[in-house]
Amino acid sequence: MDWQDHKNYITVKARQPFQFSSCLNWLKKRDKEIIYELVNEHVLILIPTNEGAVLGRIEEGSEGVKVSFPESIPSLRGKNQAAQFVNDWFDMDTDILPFYQLAEKDPLLRPLVHKHYGMRIVGIPDLFEALSWAVIGQQINLTFAYKVKRRFIDTYGAHITYKGTKYWLFPRAEKIADLDPEALRELQFSIRKAEYIIDMAKMIRDGALSKEKLQHLDPLSLKKELMAIRGIGHWSAEYVRMKCFRHPDAFPVADVGLHNALKSQLGWDRKPEIEEIEEMAAHLSGWEAYAVFYLWMSNG
DNA sequence: GGCCAGGCTAGCA
DNA sequence: TGCTAGCATGGC
């Protein structure tokens, strides 16, 4: 990570090619999201640090992004954590040139990487949030999923108010661990999903599960560990590998959004089969996550 | 009203 | 290992 302090703001440099505006276009599509707020060409988000949450305002910067702190300026240590958060959120360290070289030879991806040049996989740095969001999103439409997520955050997340707008942190595992599943049912979680999420919260609170512990595992071991968690199947494990652990080879091949994107991009009147998708992706080995992300971006 | 939604578990062969 | 019924809860 490459960042610099400028007193009341910091800059974080990305490995090129990187285009903040392309990442912003991704965020703009998630208009039901409540973790961040988009204003013109910048994004406001509450960033967790060891010294408490700090409001960050992220915008285009030279070879990366500029992060300012409208509400209160953190210490140097806090700034470092904010820089890390942003660096992680936009996957700024990854060298995506190899992916672009492969995509150039792919008739489906070529126009997408040109149109969204410099876009990175916008991630979910927090493990509990990534796991919870995967579970919430399982087998329900995204509109409803965002509704449930909003209720969850409204009810159990912390927030600050700045200029009349509330900025939220995703609920902490410690706060969810002791809940009764019925409490989440009231927010329209299914009873099963409520159990899964509370169980995961318990594992995290008790230290049995943490990002730090899993971070150094190879892809296969990581997937195995994730799938050992009740409620996490193939799709969720790959999703979390992609959005939280930043493995570029993560491949949620069963994803409905991917199927819809392929159907539309191929001009087919049916969705592709899993085997067909795997064949199509064979030449993208190692970069499946980026291919999926750019295809998601093509969904209206 | 019926099909679909960014699937998973448990049970069975 | 591989298949599938049953689940759970709205959106459109």
d(CE, A:Met200; C1', B:dC8) in whole Å: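 Taking atom C1' of B:dC8 as the reference, CE of A:Met200 is at 13 Å.
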Before accepting this row, confirm whether a basic side-chain N of the pair [X]/[Y] lies closer than 4.0 Å to the acidic partner's carboxylate O.
X: A:Arg151; Y: A:Glu186; answer: no
X: A:Lys28; Y: A:Glu33; answer: no
X: A:Lys163; Y: A:Glu71; answer: no

Verdict with supporting geometry, A:Phe170 and A:Trp133, ring pair (Phe, Tyr, Trp, His ring centres under 6.0 Å): CA-CA 10 Å; A:Phe170 196 81; A:Trp133 180 229; 8.7 Å; no
For A:Ile191 against A:Pro181, the heavy-atom pair lying closest together: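 Smallest heavy-atom distance, with atoms named: CD1-CB, 3.8 Å.
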Considering all heavy atoms, the nearest A:Val113-A:Ala103 contact: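 The answer is CG1-CB, 3.8 Å.
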Contact list for DNA chain B against residues 179-196 of chain A - heavy-atom distance below 4.0 Å: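 Here the set is A:Tyr196.
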Residues in contact with DNA chain B, drawn from residues 257-294 of chain A - heavy-atom cutoff 4.0 Å: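 Here the set is A:Gly257, A:Asn260, A:Lys271.
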Along DNA chain C, first and last positions that approach a heavy atom of chain A under 4.0 Å: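 Result: C:dA8 to C:dC12.
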Partner residues of A:Arg241 under the salt bridge (charged side-chain N to carboxylate O under 4.0 Å, His left out) criterion, sequence neighbours left out: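 For A:Arg241 the salt bridge (charged side-chain N to carboxylate O under 4.0 Å, His left out) partners, ignoring immediate neighbours, are A:Glu238, A:Asp249.
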Considering only heavy atoms from C-beta outward, does the side chain of [X] approach that of [Y] to under 4.5 Å?
X: A:Pro171; Y: A:Ile153; result: yes
X: A:Phe69; Y: A:Asn8; result: no
X: A:Leu109; Y: A:Phe99; result: yes

Rounded distance in Å between the C1' positions of B:dA5 and C:dC3: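 Straight-line distance between the two C1' atoms is 22 Å.
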Between B:dG1 and C:dA8 - P atom distance, rounded Å: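 Per the computed distance, 22 Å lies between those P atoms.
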Parallel, tilted or perpendicular: ring planes of A:His159 versus A:Trp168, cut at 30 and 60 degrees: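 Ring orientation, 0 to 90° scale: tilted.
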Geometric class of the A:Tyr290/A:Tyr294 ring pair [parallel <30°, tilted 30-60°, perpendicular >60°]: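 Answer is tilted, since the angle falls between 30° and 60°.
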Backbone N/O of A:His234 and side chain of A:Lys223: donor-acceptor pair under 3.5 Å: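 Pair absent, no side-chain N/O of A:Lys223 close to backbone of A:His234.
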Derivation of the side-chain hydrogen bond (donor to acceptor under 3.5 Å, both in side chains) call for A:Asn25 and A:His116: CA-CA 8 Å; A:Asn25 285 337; A:His116 309 292; 5.3 Å; no
CG on A:Leu27 to CG on A:Asp31, rounded to 0.5 Å: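 Between atom CG of A:Asp31 and atom CG of A:Leu27 there are 11.5 Å.
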Intra- and interstrand pairs of DNA chain C - dot-bracket, Watson-Crick/G-U under 3.5 Å, | marks other strand: |||||||.||||
Residue mapping more 5' on DNA chain B - nearest nucleotide basis, A:Trp296 or A:Ile229: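 Final value for this comparison: A:Trp296.
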Close residues, residues 119-150 of chain A, relative to DNA chain C [heavy-atom separation under 4.0 Å]: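 Nucleic-acid contacts, sorted: A:Gln139, A:Ile140, A:Asn141, A:Thr143, A:Phe144, A:Lys147.
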